[in-house]
Structures are given as structure tokens and as C-alpha cells.
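For reference, the structure is listed below as C-alpha cells.
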Amino acid sequence: MKIGIVAPANTVDADVVAPLTAFAAVAYPEVDLVFHPQCFENDGHFAGPDARRAAAFLDIANDPGFAAVWFARGGYGSNRLLAEVMPKLGPAARHKDYVGYSDMGFLLGALYARGIGRPAHGPMPIDINRKDGDVTVARSLGWMARRETVGLEPGLAGRPAAAFNLTILGNLIGTPWLPDLADHVLMIEEVSEPMYNIDRLLFNMAGATQLKGVAGVRLGALTAVKDNSSSWNEPIETMINRWCRDMAVPYFGRAEIGHTQTNHVVPFGLV
């Protein structure tokens with residue numbers, strides 16, 4: 001089984017390759033991990049210019065020899081590719097897994113909106129360098145290679161679901177790239193934002209007409225929260241419950257997703 005790795009946003013450090021391929025060779029010997037050369041290119045903020053990143057994604061997505069596209073890392077930049085790549089995805093692209101999180105939510109959402117492939121929010125190759133990173137990446141590898149359920153988010157509970165970084169979700173709202181999430185449990189997480197901005201993003205989510213009809217909301221990890229200039233005294237559980245009331249949907253509690261070692265796989269739709 002060939003899994004192609006591409007970087008639609010930021011450059012991948014070469015120190016990811018050896019530990020990831022060594023782990024996969026032992027734990028998932030049926031998997032052939034192929035890093036696209038573009039992953040290691042650099043064009044200022046990005047892993048190559050927009051056209052190069054788009055072409056690399058299409059190389060693997062449209063190649064019937066690959067069973068899955070595994071996004072190497074997040075950062076910023078995949079949104080800049082959507083208008084270029086989505087119309088060019090061919091028949092082979094419709095039969096692949098697409099796994100990543102963070103900035104990759106732009107691509108996952110756009111793919112799901114168009115019924116292309118099997119998008120899933122899940123750990124990426126860069127996570128091999130976390131503490132116990134082999135456990136983390138095994139969740140995605142196990143899902144792609146063997147449909148192992150041990151790495152799935154444990155609260156899926158047989159309902160359609162989707163998972164997004166909250167900032168990415170906010171940027172998708174009001175665009176044609178946001179999928180229809182009616183009857184889905186919406187899972188959200190965030191990294192490197194102050195609490196006031198998380199509150200502002202939740203306001204955006206709660207008032208978005210495109211999200212009317214979601215079945216409910218679950219909250220993943222909030223990591224590397226930045227300090228407010230003045231103290232923020234509202235607990236996160238109070239905040240999320242307040243915005244879910246405004247959204248007129250139930251809050252279903254916490255989810256094991258986020259920029260953490262415990263990030264789990266959330267296939268979009270119904271497992």
C-alpha cells in the first residue's frame with residue numbers, strides 16, 4: 001500500500017523521515033511511505049511556491065498507484081491552493097484517504113464538500129517527533145492501512161462527525177469550501193490563541209448560518225494558549241456552553257483531538 005506525503009503549507013524538516021519510515025517498516029510493513037520531494041522545498045513561508053505545492057498535491061491525489069494522501073504538517077497555506085486543485089482532481093482522487101489536521105482543514109473541508117475521497121482529521125508525519133510520537137502517528141497509519149478503530153476519537157458514537165481547528169473553521173465560514181455539516185457532531189480545537197480570540201471565534205461559529213443544523217459541538221484541546229493583556233476569568237466550559245446555547249445546539253463535552261500527543265482520528269461523515 002503506497003501512501004503519498006505532501007506539504008501543502010510549510011516545509012518539512014528532514015529529521016521526520018528516518019524515524020517515521022523506521023517505525024512504519026516495523027509496525028506497518030505493508031505500507032510504502034513516499035515523501036514527495038516538494039515537502040522539503042522552501043519559498044519563504046511556504047514549502048515551495050503555490051503552483052509547486054498545488055502540483056505536488058495533484059501528483060499524488062491523481063495517481064492511482066497511491067491509496068492515500070497524508071499531509072505532512074500544518075502551518076499556513078493550503079487555502080491558497082483550493083481554487084487551483086479542486087477542479088483538477090480526477091477519478092483516482094475519489095478513492096483515497098486524505099489525513100491531516102490544523103491548516104489542512106481547508107483541504108479536508110473542501111474535499112468533503114465535493115464528495116471526493118475519505119477526508120479525516122488525524123495525526124500527521126510531523127507528529128512522529130512528539131513525545132511518544134510513534135503512538136500518535138500509529139492512529140493515522142492504522143486507520144489508512146488497516147482501518148483500525150483503536151485510533152479513532154473514542155466519542156464518535158455512530159454519529160456523522162467532522163473536526164476542525166477553530167481558526168480554520170472560522171475562515172471557511174462564508175466560503176464555498178465549507179461542507180454541509182447538518183446532522184454532524186462538530187469537533188473543534190485551537191492552538192496558540194488568547195482566550196479572548198477563542199471567544200471571538202466561537203461567536204463566529206455560533207452565528208454562522210452555514211452551520212445551522214449541526215447536531216452538536218464537542219471541544220478538543222486548547223494548547224499553547226497565549227496570555228491576555230488583562231486576566232480572562234471565564235472558564236472554557238462556561239464559554240463553550242454559552243455559545244452552544246446561542247447556537248441552539250447541545251454541547252456534548254470534550255473530544256480527544258488537537259495539537260497534542262493524544263490527537264485522534266475523526267473521519268468526516270459516518271464511520
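Along the sequence shown, the residues carry numbers beginning at 1. Just so it is clear, the values below take in all heavy atoms, side chains as well, and ignore hydrogens, waters and symmetry mates.
For the atom pair CG of L202 and SG of C244, the computed distance is 8.0 Å after rounding to the nearest 0.5 Å. A distance of 9.0 Å separates CD1 in I198 from CD1 in I188, rounded to the nearest 0.5 Å. L108 contributes atom CG, which lies 11.5 Å from atom CG of N165 (distance to the nearest 0.5 angstrom). Interatomic distance, CG of L186 versus CG of L169, reported as 5.5 Å (0.5 Å rounding). Here the straight-line distance linking atom CG of L20 with atom CG of D15 works out to 11.0 Å at 0.5 Å rounding. Here H259 contributes atom NE2 and E189 contributes atom CD; the two are 5.0 Å apart, rounded to the nearest 0.5 Å.
Side-chain contact check for V266 versus V271: every heavy-atom pair is 4.5 Å or farther apart. Using a 4.5 Å heavy-atom cutoff, the side chains of W177 and L107 are not in contact. Side-chain contact check for M1 versus D32: every heavy-atom pair is 4.5 Å or farther apart. The closest side-chain heavy-atom distance from V99 to F71 is not below 4.5 Å. Residues T136 and I128 have side chains not in contact (no heavy-atom distance under 4.5 Å, counting atoms from C-beta outward). Side-chain contact between I3 and M144: present, with at least one pair of heavy atoms (C-beta onward) separated by less than 4.5 Å. With a 4.5 Å cut-off on side-chain heavy atoms, H121 and V265 do not count as touching. Within the 4.5 Å cutoff, side-chain heavy atoms of M247 are placed close to those of M205.
Of the possible polar contacts, none joining the T262 side chain to the E256 backbone as a donor-acceptor pair under 3.5 Å is found. Side-chain atoms of N263 never come within 3.5 Å of backbone atoms of T260 as a donor-acceptor pair (strictly under, hydrogens ignored). Formation of a donor-acceptor pair under 3.5 Å by the T21 side chain with backbone atoms of V17 is found in this model. Not a single donor-acceptor pair under 3.5 Å links the side chain of E153 to the backbone N or O of A163. Side-chain N or O atoms of Y98 include one that pairs as donor or acceptor with a backbone N or O of A93 at under 3.5 Å. Of the possible donor and acceptor atoms, one in the side chain of R53 sits under 3.5 Å from a partner among the backbone N and O of P8. Looking only at distances, no side-chain donor or acceptor of N42 sits under 3.5 Å from a matching main-chain atom of A47. The closest donor-acceptor contact from the side chain of N171 to the backbone of T167 lies under 3.5 Å. A donor-acceptor pair is defined here as one N or O able to donate and one able to accept, closer than 3.5 Å; such a pair exists between the side chain of K96 and the backbone of F66. Under the 3.5 Å distance criterion, the side-chain polar atoms of R139 are left unmatched by any main-chain donor or acceptor of H264.
Linking ILVMFWY side-chain heavy atoms closer than 4.5 Å, directly or via other members, places I5 and V12 in a single hydrophobic cluster. Linking ILVMFWY residues whenever their side-chain heavy atoms come closer than 4.5 Å, directly or via other members, places F23 and W70 in the same cluster. In terms of hydrophobic clustering, with Ile, Leu, Val, Met, Phe, Trp and Tyr side chains grouped at heavy-atom distances under 4.5 Å, I240 and L166 are assigned to a common cluster. A continuous path of Ile, Leu, Val, Met, Phe, Trp and Tyr side chains, each step under 4.5 Å between heavy atoms, connects V31 with V16, placing both in one hydrophobic cluster. The cluster map of Ile, Leu, Val, Met, Phe, Trp and Tyr, joined by side-chain heavy atoms under 4.5 Å apart, puts L111 and L172 in the same cluster.
For A9 against M104, the heavy-atom pair with the smallest separation is CB-CE, 3.8 Å. Across all non-hydrogen atoms, the minimal contact from P176 to R114 is O-NH2, 3.3 Å. Counting all heavy atoms, side chain and backbone alike, Q38 lies closest to A7 at NE2-O, 2.6 Å. Between G74 and M124, the shortest heavy-atom contact is N-CE, 3.4 Å. Closest of all the heavy-atom pairs between A24 and L33 is CB-CD1, 3.7 Å. The two residues P119 and G117 come nearest to each other via the heavy atoms CD-O, 3.4 Å.
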side-chain contact (heavy atoms from CB on, under 4.5 Å) assessment of I173 paired with T209: CA-CA 9 Å; I173 290 168; T209 56; over 6 Å; no
When you look at I168 and S102, which way does the side-chain contact (heavy atoms from CB on, under 4.5 Å) test go after all the steps? CA-CA 7 Å; I168 304 307; S102 193; 5.8 Å; no
Are Y101 and D127 close enough, and set up right, to give a side-chain contact (heavy atoms from CB on, under 4.5 Å), and what steps lead you there? CA-CA 11 Å; Y101 69 103; D127 290 314; 3.0 Å; yes
Between F203 and W243, does the ring pair (Phe, Tyr, Trp, His ring centres under 6.0 Å) criterion hold? Intermediate values first, please. CA-CA 7 Å; F203 158 79; W243 288 119; 5.8 Å; yes
Check the pair D43 / R52 against side-chain contact (heavy atoms from CB on, under 4.5 Å), numbers first and verdict last. CA-CA 10 Å; D43 184 55; R52 173 62 168 156; over 6 Å; no
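The side-chain tip of R147 points at the ring of W143 from less than 6.0 angstrom away and within 45° of straight on.
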N/O donor to acceptor pairs below 3.5 angstrom from side-chain atoms of residues 220-231, sequence neighbours left out:
from, atom 1, to, atom 2, distance (Å)
N228, OD1, M195, N, 3.2
S231, OG, N233, OD1, 2.8

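A side-chain N or O of Y28 and one of E148 form a donor-acceptor pair less than 3.5 Å apart.
In this structure, H184 has its ring center closer than 6.0 angstrom to the ring center of Y112. In this structure, F57 has its ring center at least 6.0 angstrom away from the ring center of H36.
A perpendicular orientation is assigned to the rings of F268 and F164, their planes being inclined by more than 60° (bins at 30° and 60°).
Sequence neighbours left out, the pairs with a member in residues 77-90 that pass side-chain hydrogen bond (donor to acceptor under 3.5 Å, both in side chains) are D50-R80, Y76-N79, S78-D103, E84-K88.
Applying side chain to side chain donor-acceptor pair (under 3.5 Å) to Y251 and the options R242, R218, E237 leaves one that passes, E237.
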